[in-house]
Amino acid sequence: FGLYAWLFDHRLFDPGTGPAAFALLFFAEDLLYYFWHRASHEVRFLWSAHVNHHSSEYYNLSTALRQSWTTPLTVPLFYWVLPLAGFSPGMIATQISISLIYQFWIHTEAIDRLPRPLEAILNTPSHHRVHHGANVEYLDRNHGGILIVWDRLFGTFEAEGERVVYGLTKNLATFSPLRIAFHDWAELVRSVLRPAPLATRLAFAFAAPGWSPD
């Protein structure tokens, strides 16, 4: 919040605080959420922060509460644009809250599909079930927050087809909160500290999850 406040004090624009500004913020935040969420699946150190949200082998409303302890450190890497564009920290916090509240209800198997116009525009339980799937065709798909249009535009959309298998490609055999929250961080650190060329060490941190020199 302090970082956003400092950037807001050095803002480049002043969209104001009226309905038009909030409408613009809605789309801007949702787009940045898409890029953050997609990067959290495609960049190893970001995945280390995000992985525990996907560690449940069940899919219900409690899965939505399986939030990362370290994503508050990764989100500002993308959201710094918002206060610099003139949106106040309070507005940003409000829109983030709206997005999180919206995304709570889509973590369910109790709702099949919504009417087609809504499925075309919004992130729905069907779309988000795909996102939590460990099926090969479902990996790294449907990253949207409130809107699914970004996935359709940028080629990461996948419709729900075969039965979703929830969890990770290699599931954890533990219920320890510390282990679940930090297991991939620990593995990342071990990988980076192994004797290897600098380029290899950096790739362990910045390449895709599962990358290896071979």
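For the pair Ser48/Phe182, no side-chain contact is recorded, criterion being any heavy-atom separation below 4.5 Å from C-beta on. Contact annotation: the side chain of Asn123 never approaches that of Ile146 to less than 4.5 Å [non-hydrogen atoms, C-beta and beyond]. Within the 4.5 Å cutoff, the side chain of Leu147 has heavy atoms near those of the Leu122 side chain. Taking the side chain as every heavy atom from C-beta outward, His53 and His107 approach each other to under 4.5 Å. Two residues are said to be in side-chain contact when any heavy atoms from C-beta on lie closer than 4.5 Å; Asp151 and His143 meet this criterion. Contact annotation: the side chain of Tyr4 approaches that of Pro76 to within less than 4.5 Å [non-hydrogen atoms, C-beta and beyond]. Residues Tyr58 and His132 form no side-chain contact, since every pair of their non-hydrogen atoms from C-beta on lies 4.5 Å or further apart. At least one side-chain heavy atom of Ile180 sits less than 4.5 Å from a side-chain heavy atom of Arg66.
The NE2 atom of His128 sits 9.0 Å away from atom OG1 of Thr63, with the distance rounded to the nearest 0.5 Å. For the atom pair CG (Leu24) and CD (Gln95), the distance works out to 11.0 Å, reported to the nearest 0.5 Å. Atom CG of Leu82 and atom CD1 of Ile96 lie 7.5 Å apart (nearest 0.5 Å).
A distance below 6.0 Å separates the ring centres of His50 and Trp36. Here Tyr138 and His131 keep their ring centres 6.0 angstrom or further from each other.
Of all heavy-atom pairs spanning Phe13 and Ala85, the tightest one is CB-O, 3.4 Å. In plain terms, the two heavy atoms of Phe206 and Val43 that are nearest each other are O-CG1, 3.6 Å. The shortest heavy-atom contact between Ala120 and Arg152 is O-NE, 3.0 Å. Taking every heavy atom of both residues into account, Ser176 and Thr174 meet most closely at N-OG1, 3.0 Å. In this structure, Met91 and Ala21 approach most closely via the heavy-atom pair CE-CB, 4.1 Å. The two residues Ser99 and Glu29 have their closest heavy-atom pair at CB-OE1, 4.0 Å.
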Checklist entry - Going through the distances and angles, do Val192 and Leu188 end up as a side-chain contact (heavy atoms from CB on, under 4.5 Å)? => result CA-CA 6 Å; Val192 170; Leu188 172 59; 4.0 Å; yes
Checklist entry - Could you walk me through whether Arg179 and Glu187 pass the salt bridge (charged side-chain N to carboxylate O under 4.0 Å, His left out) check? => result CA-CA 11 Å; Arg179 174 67 177 153; Glu187 178 57 33; over 6 Å; no
Next on the checklist: Please determine whether side-chain contact (heavy atoms from CB on, under 4.5 Å) holds for the pair Asp30 and Tyr102, giving the CA-CA distance in whole Å, both sets of side-chain angles, and the decisive distance to 0.1 Å.
Outcome noted: CA-CA 12 Å; Asp30 204 64; Tyr102 177 88; over 6 Å; no
Checklist entry - Under the ring pair (Phe, Tyr, Trp, His ring centres under 6.0 Å) criterion, do Trp150 and Phe157 qualify, and how do the steps go? => result CA-CA 8 Å; Trp150 313 121; Phe157 176 75; over 10 Å; no
Checklist entry - Between Trp47 and His54, is a ring pair (Phe, Tyr, Trp, His ring centres under 6.0 Å) present by the stated rule, with each step listed? => result CA-CA 10 Å; Trp47 173 245; His54 286 264; 5.7 Å; yes
Item to check | Full working for side-chain contact (heavy atoms from CB on, under 4.5 Å) between Ile98 and Phe22 | outcome: CA-CA 12 Å; Ile98 291 171; Phe22 263 103; 6.0 Å; no
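Linking Ile, Leu, Val, Met, Phe, Trp and Tyr whenever their side-chain heavy atoms come within less than 4.5 Å puts Phe78 and Leu25 in one cluster. Under the 4.5 Å side-chain heavy-atom criterion for ILVMFWY residues, a single connected hydrophobic cluster contains both Phe87 and Leu77. Cluster membership for Phe8 and Tyr79, using ILVMFWY side-chain heavy atoms within less than 4.5 angstrom, is not shared. Put simply, Ile148 and Leu31 are part of two different groups of oily side chains (I, L, V, M, F, W, Y) that touch within less than 4.5 Å, one to the next. There is a path of hydrophobic side-chain contacts, each under 4.5 Å, that joins Leu100 to Ile106.
His127 and Glu119 are linked by a side-chain donor-acceptor pair at a separation below 3.5 angstrom, with hydrogens and angles left out of the test. For the residue pair Arg38 and Thr156, no side-chain donor N or O sits within less than 3.5 Å of a side-chain acceptor on the partner.
Under a 3.5 Å cut-off, the side chain of Ser68 and the backbone N or O of Thr71 do form a donor-acceptor pair. Here the side chain of Asn52 pairs a donor or acceptor atom with the backbone of Gln67 at under 3.5 angstrom. Distance alone, capped at 3.5 Å, is enough to place a donor-acceptor pair between the Arg129 side chain and the Thr108 backbone.
Applying the 4.5 Å side-chain rule to ILVMFWY residues, one finds that Phe175 remains a lone member of its cluster. Annotation for Leu61: hydrophobic cluster partners, listed by chain and number, are Leu65, Phe104 (ILVMFWY side-chain heavy atoms under 4.5 Å, direct or chained).
In this structure, Leu73 has no side chain to side chain contact (heavy atoms under 4.5 Å, CB included) partners at least two apart in sequence or on a different chain. For Phe154, the ring pair (Phe, Tyr, Trp, His ring centres under 6.0 Å) partners are Tyr34, Phe35, not counting sequence neighbours.
Classification of the Trp185-Phe45 ring pair by plane angle, with boundaries at 30° and 60°, yields tilted.
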For residues 161-172, which side-chain N or O atoms pair as donor and acceptor with protein atoms under 3.5 Å away, sequence neighbours left out?
from   : atom 1 : to     : atom 2 : distance (Å)
Glu162 : OE2    : Asn135 : ND2    : 2.8
Tyr166 : OH     : Glu109 : OE2    : 3.1
Asn171 : OD1    : Leu168 : N      : 2.7

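For residues 5-21, no pair satisfies side chain to side chain donor-acceptor pair (under 3.5 Å), with sequence neighbours left out.
We find that Arg44 and Asp184 are joined by a salt bridge, their nearest charged nitrogen and carboxylate oxygen being less than 4.0 Å apart.
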